[in-house]
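Scroll down for the structure; my scribbles are underneath it.
Just so it is clear, the structure is predicted and the values come from calculations on it, not from any experiment.
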Amino acid sequence: MTKKLFGMVMRINIDCNGCYKKVRRALLNMKELQTHSIEKNHCRVSVFGRFNPQDVAIKIRKETNRRVEILDIQDFSTIDEDHHDQRPYITSGTLHPTTTTLKLA
């Protein structure tokens, strides 16, 4: 089974530098992720790659012993097949009145 290309935004409680390092280490150990972004101040983690979103959330939960809440999942596999030259964007404005746009990759 081939995994689809996804972008996912999660909320993970990051209280201190130790928590940040745990989350970062867990993300770096996942070979299926192409890129990741950690927003320590907003407790948000964005990931992009070919993976199953539930599996990634479970792996992060097990490795960091932190609660993981999936905020947004976007499927880019259809975009990837149609437009090879365009890079995907993850847009999420669910928690704050302003919209945050991250260009992953």
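To the nearest 0.5 Å, the span separating CZ on Arg11 from CZ on Arg67 amounts to 7.0 Å. Note: Met10 CE to Ile73 CD1 = 9.5 Å, rounded to the nearest 0.5 Å. Once rounded to the nearest 0.5 Å, the distance linking CD of Glu69 with SG of Cys43 reads 11.0 Å. Atom NZ in Lys22 sits 13.5 Å away from atom CD1 in Ile60 (nearest 0.5 Å). Annotation: the span from Tyr20 atom OH to Ile14 atom CD1 amounts to 8.0 Å, rounded to 0.5 Å.
In this structure the side chain of Asn52 never reaches within 4.5 angstrom of the side chain of Glu32, judged on heavy atoms. Contact annotation: the side chain of Lys40 approaches that of Asn17 to within less than 4.5 Å [non-hydrogen atoms, C-beta and beyond]. Counting only heavy atoms from C-beta outward, the side chains of Leu28 and His36 approach each other to under 4.5 Å.
When all heavy atoms of Gly7 and Phe48 are compared, the pair lying nearest together is CA-CD1, 4.1 Å. In plain terms, the two heavy atoms of Arg44 and Val9 that are nearest each other are CD-CG1, 4.0 Å. Taking every heavy atom of both residues into account, Phe76 and Phe6 meet most closely at CD1-C, 4.0 Å.
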| request: Just do the side-chain contact (heavy atoms from CB on, under 4.5 Å) check on Asn29 and Lys59 with the steps written out, would you? | output: CA-CA 10 Å; Asn29 287 336; Lys59 283 182 187 179; over 6 Å; no

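The cluster map of Ile, Leu, Val, Met, Phe, Trp and Tyr, joined by side-chain heavy atoms under 4.5 Å apart, puts Leu33 and Ile70 in the same cluster. The cluster map of Ile, Leu, Val, Met, Phe, Trp and Tyr, joined by side-chain heavy atoms under 4.5 Å apart, puts Leu27 and Ile58 in different clusters.
Counting only distance, with no hydrogens or angles, the side chain of Arg66 and the backbone of Asn13 share a donor-acceptor pair below 3.5 Å.
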